[in-house]
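Letters go in sequence order (proteins before strands), and every chain restarts at 1.
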Number of protein chains: 2
Amino acid sequence: MALNETLKAINDPVRRAILDLLKTSDWTAGEIAANFDLAPATVSYHLKLLREAGLITLNKDKNFIYYSLNLSVFEELLGWIYALGGGPHDR
Amino acid sequence: MALNETLKAINDPVRRAILDLLKTSDWTAGEIAANFDLAPATVSYHLKLLREAGLITLNKDKNFIYYSLNLSVFEELLGWIYALGGGPHDR
DNA sequence: CTACAATTTAGATGAAATTCGAAATAGGAG
DNA sequence: CTCCTATTTCGAATTTCATCTAAATTGTAG
């Protein structure tokens, strides 16, 4: 069940902040890490979780790794919320 | 940040199944617990987390406690996903 | 009032998640 | 080839989470 992985991935403030960062444009792992008061290894761990959940993709250039958002993964989560009745309502 | 609490609450298969159950109609804590191979105390723990996140509300009658869905809490989560660009797309 | 049924709270335990520093990898640059 | 920089992987320490059993609570019935 991918829903499980998606929810685990976004169930962390750091990882959500990473996604927010990538909304604007792509960044390297180092640039992303510079936004947090965390060891690079820790940010790398978060990037791995996001990658495994399919929420980001990477692109290597020289010895930099650029990360990009992949939003299609949210479809299943939105589908679950809508089915529950929690979608956008009129009024 | 309520988003944090919402995501923690739905980041568990048991709690999502409880929400799915309540989609149909309201149930007592005992009826809900009967749906899982877990101790009643464990289900009670999950109900508490859902309650604290505002995703369910309770209603006491005799010595039963009926639980109901409260979907308005999803608005913030949907707002975040939409802002990220992950909302429903055309095509 | 006493006994009972439904549910929660408390305390303990094992498993999973987050973090760090140190070591390993990968790929230029000189 | 050797060094340097960017990034990840590894192993350990700490924290958070899910679960259970046992005890407490709440409220109904008799």
Trace of the side-chain contact (heavy atoms from CB on, under 4.5 Å) decision for A:Leu50 with A:Tyr67: CA-CA 10 Å; A:Leu50 289 169; A:Tyr67 282 97; over 6 Å; no
Any luck finding a side-chain donor-acceptor pair between B:Thr57 and B:Asn70 under 3.5 Å?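 No pair is found: no donor N or O on one side chain lies under 3.5 Å from an acceptor on the other.
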Judged by modelled atom types alone, do A:Trp80 and B:Asp20 share a side-chain donor-acceptor pair under 3.5 Å?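 Present: a donor and an acceptor within the cut-off.
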To the nearest 0.5 Å, what is the distance between CG (B:Leu55) and OG (B:Ser72)?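 So the CG of B:Leu55 and the OG of B:Ser72 are separated by 8.5 Å.
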Measuring from atom CD1 of A:Ile10 to atom CZ of A:Arg15, what distance do you get when rounded to the nearest 0.5 angstrom?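 The CZ atom of A:Arg15 is 10.0 Å from CD1 of A:Ile10, to the nearest 0.5 Å.
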Within this structure, what is the [atom1]-to-[atom2] distance between [X] and [N], rounded to whole angstrom?
X       : N      : atom1 : atom2 : result
B:Asp61 : D:dG27 : CG    : P     : 12 Å
B:His46 : D:dC20 : NE2   : P     : 9 Å
A:Lys60 : D:dT5  : NZ    : C1'   : 15 Å
A:Lys48 : D:dA6  : NZ    : C1'   : 18 Å
A:Leu58 : D:dT8  : CG    : P     : 8 Å
B:Ile65 : D:dT26 : CD1   : C1'   : 8 Å
A:Glu52 : D:dT9  : CD    : C1'   : 12 Å
A:Lys62 : D:dT7  : NZ    : C1'   : 16 Å

Both B:Phe64 and A:Pro40 contact DNA chain C. Which one's nearest nucleotide lies toward the 5' end?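 First, find each residue's nearest nucleotide; the 5'-ward one identifies B:Phe64.
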Counting the atoms with a prime plus P, OP1 and OP2 as sugar-phosphate, which does [X] contact under 4.0 Å by heavy atoms, base, sugar-phosphate, or nothing?
X       : result
A:Tyr66 : nothing
A:Ile32 : nothing
B:Ala41 : base

Check whether any side-chain heavy atom of B:Lys8 sits under 4.5 Å from a side-chain heavy atom of B:Asn4, and report yes or no.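 Sidechains of B:Asn4 and B:Lys8: in contact.
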Flag side-chain contact, heavy atom, 4.5 Å: A:Leu69 against A:Leu19: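 Counting from C-beta outward, A:Leu69 and A:Leu19 do come under 4.5 Å.
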With a 3.5 Å distance limit and no angle check, can you tell me whether A:Thr42 reaches the backbone of A:Leu38 through a side-chain donor-acceptor pair?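 A pair under 3.5 Å: no.
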Which residue lies more 5' along DNA chain D, comparing A:Ser44 with A:Asn63 via nearest heavy atoms: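 Per heavy-atom nearest nucleotide, the more 5' residue is A:Asn63.
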Heavy-atom contact window of chain A on DNA chain C, given 5' to 3' at under 4.0 Å: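 The footprint of chain A covers C:dA17 to C:dG28.
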For D:dT16 and B:Lys8 - does any side-chain N or O of the residue sit under 4.0 Å from the phosphate oxygens OP1/OP2?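 The answer is no; no side-chain N or O of B:Lys8 sits under 4.0 Å from OP1 or OP2.
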At under 4.0 Å, does any side-chain N or O of A:Tyr45 touch on OP1 or OP2 of D:dG11?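 It does not, given that no N or O in the side chain of A:Tyr45 lies less than 4.0 Å from OP1 or OP2 of D:dG11.
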Apply side-chain contact (heavy atoms from CB on, under 4.5 Å) to A:Leu84 and B:Arg16, showing your working. CA-CA 10 Å; A:Leu84 214 50; B:Arg16 287 197 300 279; over 6 Å; no
Can you sort out which residues in residues 12-30 of chain A have a heavy atom within less than 4.0 Å of DNA chain D? Ascending by number, please.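 Those residues whose heavy atoms fall under 4.0 Å from DNA chain D, taken from residues 12-30 of chain A in numerical order, are A:Thr28, A:Ala29, A:Gly30.
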Quick check: closest heavy atoms across B:Arg51 and B:Ile56, and the distance to 0.1 Å?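 Where B:Arg51 meets B:Ile56 most closely, the heavy atoms are N-CG1, 3.6 Å.
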